[in-house]
Enquirer: 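This is the structure, below, for whatever I ask next.
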Amino acid sequence: MLIVKKFGGSSVRDAERIKNVADRVIRDYNEGHDIVVVLSAMGDTTDNYIKLAHELNERPSKREMDMLMTTGEQISVALLAMAIQAKRVPAVSLNAFQVGMETTSDFMHARLKRIQTQRLKNELENRKVVIVTGFQGVNRNDDFTTLGRGGSDTTAVALASVLHADLCEIYTDVDGIYTADPRVVPNAKKLDEITYDEMLELASLGAKVLHNRSVEMAKKYGVPLVVRSSLVDAEGTVVKEDVPVEKMLIKGVTCDKNVAKLAVIGLKNEPGVAFKLFNILARYDVNVDIILQSIGRNETKDISFTVAKEYLDDAIDALNDVNAGISFEKIHYDVDVAKVSIVGAGMMTHAGVAAKMFEALYNANVNINMISTSEIKITVLVHADDANRTVKAIHDMFE
Ligand code: ADP
Ligand code: ASP
Ligand code: MG
């Protein structure tokens, strides 16, 4: 079998943990499997680099951020190769450049375009454990890029897909996917399996246990995916294609604190305003999430929307761009907000789910800022201080 194994930052945070990873890898290698390992940077390395960068520059260039952040993964792969070689098993570490992982040029949010497989295949044929840097790519100008926070999962799934691996295992610090973040809701339950679609929603709505693009890719290319613990031997959670279920199940409650809310106050109440506003945001590459329009004072209207925190400055720049031709009174923004969502297939066809969720919030005395629904999820925007309480209240209600 060809197995791609990805280990997250906490799984390689120090020498002892790296040795533990080496042992696990060697165990499967000795059973005759071909092994490709994808690693994250050690522990909090990436967070620390980001802090350091902001001490030197409030808005560091995205190219330099990627140049900086990609070093983290290069350290961990080299160290794991050494740990495996120490046990007399052949191993080689490779970065994105050496593999040939071409991405778009969107620094900090690059997308994989092509992956060369020749070097990887050669090394595997020589019976080496191949250890690849997660999170990184290279653009057409040979600059390093990164795939967005948590992107090593996506590297792993992409490699599993191009190499037609038999299995892609994501090893992390929890033993599977739970009905809510087990660190926030201690009585959350581990799921044996979850569909790609449900996991995609959970991941996109803040459950960082898997990078959302990794799930998107696993679904598209049918990559068999398992999430399990790097520390204990347990079954884990299988992410797979739809399994027919009769009754609707709430698969999980999730929370995303990486949110900022913007309100554009006093826009003209006439056709074309929303178009101009979202058009300029798109031109500034700002991804907009929940949108709410309301009637303002004196024949005006207000438009509120949410973005990921890192887009806040760009969003404000975009709205103030004179070329956009939008006139408004003022912009409000709030970074102390969080999105809390419930995810489950068939949400729309089951009456009462929304009512039950809002009842849970009412009982917990949580004020709702914005609401958004879809076929598979209901999301509310609340104050950041209320976030964990909200997750617990909703989880208890649906238990
Ligand atoms: P890694 O460093 O291995 O990539 P992450 O920190 O990115 O690990 O993801 C694992 C974390 O995801 C867990 O420690 C857990 O707190 C969090 N998490 C959030 N939602 C869930 C969920 N529904 N199930 C399991 N873990 C979750
Ligand atoms: N090291 C990167 C991060 O912390 C990528 C990853 O861990 O997946 O976001
Ligand atoms: Mg992660």
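Whatever order the structure lists them in is the order used to number ligands and atoms, beginning at 1.
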Enquirer: Using 4.0 Å as the upper bound for N to carboxylate O, is an ion pair formed by K240 and D192?
Expert: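 Salt bridge absent between D192 and K240.
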
Enquirer: Could you tell me the residue and atom name of the protein heavy atom closest to atom 4 (O) of ligand 2, and the distance to it rounded to 0.1 Å?
Expert: R149 NH2, 2.9 Å

Enquirer: Between D173 and R17, is there a side-chain N and carboxylate O pair less than 4.0 Å apart?
Expert: no

Enquirer: Please determine whether any non-hydrogen atom of G134 lies less than 4.0 Å from an atom of ligand 2.
Expert: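 Per 4.0 Å heavy-atom rule, G134 does not contact ligand 2.
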
Enquirer: Please determine whether any non-hydrogen atom of G150 lies less than 4.0 Å from an atom of ligand 2.
Expert: yes

Enquirer: Only heavy atoms of G151, strictly under 4.0 Å: list the atoms of ligand 2 that pass.
Expert: 5 (C), 8 (O)

Enquirer: Under 3.5 Å, sequence neighbours excluded: what are the donor-acceptor pairs made by side chains of residues 326-337?
Expert:
from, atom 1, to, atom 2, distance (Å)
D334, OD1, D336, N, 2.9

Enquirer: Which pairs would a plain distance check flag for residues 273-297, meaning a side-chain donor or acceptor within less than 3.5 Å of a matching protein atom at least two apart in sequence or in another chain?
Expert:
from, atom 1, to, atom 2, distance (Å)
Y284, OH, D321, OD2, 2.7
D289, OD2, K339, NZ, 2.5

Enquirer: Around atom 7 (O) of ligand 2, find the nearest protein heavy atom and jot down its residue, atom name and distance.
Expert: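 Going by distance alone, atom 7 (O) of ligand 2 is nearest to S40 OG, 2.9 Å.
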
Enquirer: Run through all N or O atoms in ligand 1 and write down each protein N or O closer than 3.5 Å, as a pair with its distance.
Expert:
from, atom 1, to, atom 2, distance (Å)
ligand 1, 2 (O), G9, N, 3.2
ligand 1, 3 (O), T172, OG1, 2.7
ligand 1, 4 (O), K6, NZ, 3.1
ligand 1, 6 (O), K208, NZ, 3.3
ligand 1, 7 (O), K208, O, 3.4
ligand 1, 8 (O), T172, OG1, 3.1
ligand 1, 14 (O), D173, OD1, 2.8
ligand 1, 14 (O), D173, OD2, 3.4
ligand 1, 14 (O), R183, NE, 2.9
ligand 1, 14 (O), R183, NH2, 2.9
ligand 1, 16 (O), D181, OD1, 2.8
ligand 1, 16 (O), D181, OD2, 3.2
ligand 1, 16 (O), R183, NE, 3.0
ligand 1, 23 (N), Y178, O, 3.0
ligand 1, 24 (N), Y178, N, 2.9

Enquirer: Could D386 and R389 be called an ion pair, given the rule that one side-chain N must be under 4.0 Å from one carboxylate O?
Expert: yes

Enquirer: Can you tell whether the side chains of E123 and R119 come within less than 4.0 Å, N to carboxylate O?
Expert: yes

Enquirer: Any salt bridge between R59 and D314, counting N to O under 4.0 Å?
Expert: yes

Enquirer: List the atom pairs, with distances to 0.1 Å, where a side-chain N or O of residues 4-12 and a protein N or O form a donor-acceptor pair under 3.5 Å, not counting sequence neighbours.
Expert:
from, atom 1, to, atom 2, distance (Å)
K5, NZ, D28, OD2, 2.5
K5, NZ, E169, OE1, 2.8
K5, NZ, Y171, OH, 3.0
K6, NZ, D153, OD1, 2.7
S11, OG, S230, OG, 2.8

Enquirer: So, are R111 and D106 salt-bridged, with charged N and O less than 4.0 Å apart?
Expert: no

Enquirer: Below 4.0 Å, non-hydrogen atoms only: which portion of E73 touches ligand 2? Side chain, backbone, both or neither.
Expert: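 It is the side chain that gets close, since no backbone atom is under 4.0 Å.
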
